[in-house]
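Worksheet: one structure, shown below.
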Number of protein chains: 2
Amino acid sequence: MLMHNPPHPGEVLKELCIEPLGLTVTEAAKALGVSRKTLSAILNGKSGISPEMAVRLSIAFNTSSESWLNQQTQYDLWQAEQRREELHVTRLSVA
Amino acid sequence: MLMHNPPHPGEVLKELCIEPLGLTVTEAAKALGVSRKTLSAILNGKSGISPEMAVRLSIAFNTSSESWLNQQTQYDLWQAEQRREELHVTRLSVA
DNA sequence: ACACTTGTAACGTAACAGGTTACACTAAAG
DNA sequence: CTTTAGTGTAACCTGTTACGTTACAAGTGT
């Protein structure tokens, strides 16, 4: 159960990958093979990290695609959990 | 790094929740607060588990929403990894 | 025969990742 | 001061996907 608001993966990407390497958004986008707009949207929290983008990041930064997508999952899930009460769901199990 | 083709979360849902409780798709869909079509699509691998659906499942079956969404993430990622070679990405880091 | 369950086709909507082009802004370098 | 590089983002487009309702065909069991 997630307790705290997880950071948007874009922030992590910026702080752990882009800034340490002194990369510009334009450079990084070109290397990743996506448009500058797409990367910019991620870095500014306007869009999420897709499975394909996670793989791109894993290649460019020699990291784990799983870690990127898991971060996104935690973020998305926290958003959905905030609306837990609004979903009228009947309990089917007590296990 | 994922090595094996992960099962579709719908299969797991069917085998671990629906069938053990002797639930019909119609009943389960009603309890979850979604249409029969939506649940059927998930159970038959035609659509994935959304963040909101993960929360619904966690309420209905008293489980962890994280586990459901993580399963979906692993599944989606495995699909994306199959196309790893097709993405022309430049390595930016050797760390 | 009838009722129940199921998958699914055929429509629709909303959301979202991604693309191109173009604009305004900032900051640095000449 | 002008020029250049970098940036965010608006305005358009596409493709995909989750979800809804309605309706149909097929299977199963009473």
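- In this structure, the nucleotide among D:dT9, D:dC19, C:dT8 sitting nearest to the side chain of B:Ile42 is D:dC19.
- Mapping B:Lys14 and A:Met53 onto DNA chain C by nearest heavy atom places B:Lys14 at the nucleotide closer to the 5' end.
- Nucleic acid contact for B:Ser50: sugar-phosphate only, since backbone atoms but no base atoms lie under 4.0 Å from a heavy atom of the residue.
- Counting atom types as modelled, B:Lys37 pairs a side-chain N or O with a base atom of D:dG20 as donor and acceptor under 3.5 Å.
- Side-chain contact between B:Phe61 and B:Leu13 is present, with heavy atoms from C-beta onward closer than 4.5 Å.
- Rounded to an integer number of Å, the gap from CG of A:Asp76 to C1' of C:dA15 is 12 Å.
- Residue whose closest nucleotide on DNA chain D sits further toward the 5' end, between B:Glu52 and A:Leu23: A:Leu23.
- Within the 4.0 angstrom heavy-atom criterion, base atoms lie near B:Ser35.
- Atom CG in A:Leu57 sits roughly 14 Å away from atom P in C:dA17 (whole-Å rounding).
- What you find for B:Pro6 and B:Gln74 is that their closest heavy atoms are CG-O, 3.5 Å.
- To the nearest angstrom, C1' of D:dA18 lies 17 Å from CZ of A:Arg83.
- Two residues are said to be in side-chain contact when any heavy atoms from C-beta on lie closer than 4.5 Å; A:Met53 and A:Ile42 meet this criterion.
- We find that CH2 of B:Trp68 is positioned 16 Å from P of D:dA18, with the value rounded to whole Å.
- Taking 3.5 Å as the limit, the base of D:dG6 and the side chain of A:Arg36 contain no donor-acceptor pair of atoms between them.
- Summarising the geometry, the separation between NZ on B:Lys30 and P on C:dT5 is reported as 10 Å, rounded to the nearest angstrom.
- The side chain of B:Val34 lies closest to D:dG20 when the candidates are D:dG20, C:dT5, C:dT8.
- Side chains of B:Trp68 and B:Thr63: a donor-acceptor N/O pair is present below 3.5 angstrom, by distance only.
- Distance from the side chain of B:Thr24 is smallest for C:dT5 among the nucleotides C:dG19, C:dT5, D:dA18.
- With respect to A:Glu81 and A:Arg84, a salt bridge is recorded, a charged nitrogen being found less than 4.0 Å from a carboxylate O.
- Side-chain proximity of A:Ser47 to C:dG18, D:dG6, C:dA17: nearest is C:dA17.
- Computed from coordinates, the B:Ile49 CD1 to D:dA18 C1' distance equals 12 Å when rounded to whole Å.
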